[in-house]
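Below is one structure; the comments refer to it alone.
Reminder, nothing fancy here: chain letters follow the sequence lines and each chain counts from 1. Because only heavy atoms are used, hydrogens play no part in the values below, and waters and symmetry mates are left out as well, while side chains stay in.
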Amino acid sequence: NAGVTQTPKFQVLKTGQSMTLQCAQDMNHEYMSWYRQDPGMGLRLIHYSVGAGITDQGEVPNGYNVSRSTTEDFPLRLLSAAPSQTSVYFCASAPDRGRTEAFFGQGTRLTVV
Amino acid sequence: GQNIDQPTEMTATEGAIVQINCTYQTSGFNGLFWYQQHAGEAPTFLSYNVLDGLEEKGRFSSFLSRSKGYSYLLLKELQMKDSASYLCAVIPLPGAGSYQLTFGKGTKLSVIP
């Protein structure tokens, strides 16, 4: 099993550019989420999904969009990148509503210049 | 909401025992997780406490006291490879909104020879 796969691993964007961070899992997990991790801030929830077609906002959703058309995929879109979005992004999935461990992807290190 | 506090950094000696504390102020939660994160890598699951008491897994143990709003992770026979950040996280009660993890800022543990 590949687990949770994120692409790309590294990305540099110019301010105002758009891009999509990809996340795919092959464990048939219903729950998927996106976090950002900044120095001194810990992991903060951006958006999450409890199943295909269902998404909701987390703690820091502004500037990001998500969709969940399939169980496997949960892409994160930055519509107009800003330097404040420079961060490490982690996608995670879990088999149920969180009473078991979450599995994390390897992360995407994004720099916006 | 949830407010989770952990020490920012700790240093311990190889072969020793170290206790990493996590205190929280929350209106209620389903369980408390500990994750390990090596520099530049994804978080990985260590333990999950639902009931008060101690859960032991080899060299790692985790303790929870709901009445005191307190948890700790105990690492025995420290090894150099245990140098990492340790993240405390809670999952909310059923029906309490987001079914996703809320993380503390993490404790960076350095193991020295």
Pick whichever of B:Gly106, B:Pro43, B:Ala89 has the most heavy-atom pairs under 4.5 Å with chain A. B:Pro43

Counting C-beta onward and ignoring hydrogens, is there a side-chain heavy-atom pair between A:Phe104 and B:Tyr35 closer than 4.5 Å? yes

Between A:Gly107, A:Ala102, A:Gly105, who has the most heavy-atom pairs with chain B when the cutoff is under 4.5 Å? A:Ala102

Cut-off 3.5 Å, side chains only: do B:Gln19 and B:Tyr72 have a donor facing an acceptor? no

Any idea which of A:Gln106, A:Gln6, A:Arg109 has the most non-hydrogen atom pairs under 4.5 angstrom with chain B? A:Gln106

Looking at B:Arg59 and B:Asp82, is any side-chain nitrogen of the basic one under 4.0 Å from a carboxylate oxygen of the acidic one? yes

Checking ring pair (Phe, Tyr, Trp, His ring centres under 6.0 Å) against B:Phe33, which of B:Tyr24, B:Tyr86, B:Tyr48 comes through? B:Tyr48

Regarding A:Tyr35 and A:Tyr48, is there a side-chain donor-to-acceptor distance under 3.5 Å anywhere? no

Part of B:Leu46 within contact of chain A (heavy atom distance under 4.5 Å): neither

Between B:Gln6 and chain A, which part of the residue has a heavy atom less than 4.5 Å away: side chain, backbone, both or neither? neither

